[in-house]
Amino acid sequence: MPRRRALLLLLLLSMSSSSPTPASARSAFACAAGGSSSSLPFCRRSLPARSRARDLVSRLTRAEKVRLLVNNAAGVPRLGVGGYEWWSEALHGVSDTGPGVRFGGEFPGATAFPQVIGTAASLNASLWDLIGRAVSDEARAMYNGGRAGLTFWSPNVNIFRDPRWGRGQETPGEDPTISSRYAVSYVHGLQQQQPHGDLKLAACCKHFTAYDLDSWGPTDRYHFNAVVSLQDLEDTFNVPFRACVTHGRAAAVMCSYNQVNGVPTCADETFLRGTVRSRWGLDGYIVSDCDSVDVFFNDQHYTSTPEDAVAATMRAGLDLDCGPFLAVYGESAVAKRKIADADVDAALLNTVAVQMRLGMFDGEPAAGPYGHLGPRHVCTPAHQELALDAARQSVVLLKNIGQPPRGKHVGSSGGGVLPLRPAAHRVVAVVGPHADATVAMIGNYAGKPCRYTTPVQGVARYATRVVRQAGCADVACAGSQQPIAAAVDAARNADATVVVAGLDQKVEAEGLDRSGLMLPGRQAELISAVAMASKGPVVLVLMSGGPIDIAFAKNDPRIGAITVVGLPWTGLVVRPSLDVIFGHQ
Ligand SMILES: *[C@@H]1O[C@H](CO)[C@@H](O)[C@H](O)[C@H]1NC(C)=O
């Protein structure tokens, strides 16, 4: 999520108000037949993308060019070119986290897949590819309807090294090999690049690099300097990015807010021009995290003037600024000879060529290869089924032992408590702060799901009767007023107890790291008390992005089963044949 600086925004607003074409995905349908520019070389589909881009850039004034260096790119009405919002997100489904996607009208929602940390746990590359494909259909459909862009700043393949990181949920985890496979498969599904380079969508691997701290103690990501050895970069932090570019052939890479070894990543020529562009051979564009340039100028004081900041980032290899900084200071940077017009042209060549490959200068999309995609391709039964399948494959079973009879101490004893049996477990108590979870199940960088099923609703499809007693008022579960006793009573009288505990965005989020790995507040106390009193087997379901220390539950013989479900978005289903799984039927 970006930081917004009031002054720059005001400047940008005053600039864009002079432009008669508002920036939106819809107005980017340039080169329509019969339009004023349709005969110019940049509209000629038979030419290579880069030649078309070069022709368009050669027709622009300096003032027009610098307004194309930012995510909210202004139109060039005299050439029939509309404005374009570069910033769309599709981390685990089309998301309206960025301004490029707007739900509503014929597109009230989109299929929400489980948060990435969960799907990564499936270790299933073909699943990741299939999810990317489903998302690309829905995104193209929304683009055709004027409600999304085609440039998606997903996936997040930062290595989740610090388990307290609030954004770890977005990533495929801490393993460089799995993160690499994830990057390649998801980008492959999203982009569906053709042999000659045409793209269905343009993906972006972010945030390059060594970023796994948002806000911890006195440090935040806008000021953090990650001190990393070259070996650690090569062996760990950069591995998924390398795979993303070299094998995934992603059309974009995003640099991060933090510094690495004293240099802001968005001003690091060795990283951007040297590594991403030259060594790995990026065919696409490099974009800043939102307001990164502003951050290294105003917060990190990396350069003494704004024009020097423009020069530092563009010389390093940045092509597109998420944020207004380059539009505001680009012209004065050229006037002061901090950068040359040729630097601006080179950056625009990289961005505009991607737009050409996406078919954005081929006129109305209806005639293009994806023109048939529309509202009926969003939230389809097949995509919903794939989301259910992904949620099911995300579940990790940590423990499944026999439950000791009440009052006796028995260790692990063969046959586990799962699967529960509807015939025997007729009355099920559903306990814990996530018993009624909806939005908490969706994680961050989500969109508007087609529908929700809460854990209580899911269990109700299998049990004869469900007794719902959360036991905690919320995930924080702090203070003496928590309704733990009522939950204990429910467990005492039920044939089985399902405890849905964990974290939510008030505890782990962008801008919010955890200070430890324990369950918040009195959640552990609730779980132990319920386990002690429960008449039937106890199943602990952990819903979170980051890891939780659950040694107390692992060592408690009364807790028969523990599953980790990540942030599965959907609803809990206890199926006779399938342990504990999640579904949204
Ligand atoms: C991976 O996911 C796909 C799609 O759901 C599924 O067909 C396949 O069986 C899965 N592979 C494994 C090894 O589970």
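Just follow the structure's listing: the first ligand is 1, and inside any ligand the first atom is 1. Since the structure is predicted, the reported quantities are computational estimates derived from the model, not experimental observations.
- Counting protein heavy atoms only, atom 3 (C) of ligand 1 is closest to N124 ND2, 3.6 Å.
- In this structure, atom 7 (O) of ligand 1 has its sub-4.0 angstrom surroundings free of protein heavy atoms.
- Within ligand 1, counting atoms from 1 as listed, the ones closer than 4.0 Å to a heavy atom of L127 are 2 (O), 5 (O).
- Aromatic rings from Y285 and W153 are positioned such that their centres are separated by 6.0 Å or more.
- Just one of D214, T209, L213 meets the side-chain contact (heavy atoms from CB on, under 4.5 Å) condition when paired with Y211; it is D214.
- If you look at L386 next to ligand 1, there are no close heavy atoms at all, none under 4.0 Å.
- Cation-pi geometry between K206 and Y445 is met: the NZ or CZ atom falls under 6.0 Å from the ring centre, inside 45° of the normal.
- Scanning all protein heavy atoms for the shortest distance to atom 5 (O) of ligand 1 gives D389 OD2, 2.3 Å.
- Remark: R426 CZ is loosely packed, at most 12 non-hydrogen atoms of other residues, nucleotides or ligands lying under 6.0 Å away.
- Taking every non-hydrogen atom of L130 and a distance limit under 4.0 Å, the qualifying atoms of ligand 1 come out as 4 (C).
- Atom CZ of R514 has more than 12 neighbouring heavy atoms from other residues, nucleotides or ligands inside a 6.0 Å radius.
- Side-chain N/O atoms of N124 and S126 include a donor and acceptor closer than 3.5 Å.
- Atoms of ligand 1 lying under 4.0 Å from any heavy atom of S126, numbered from 1 in the order shown and given with element: 1 (C).
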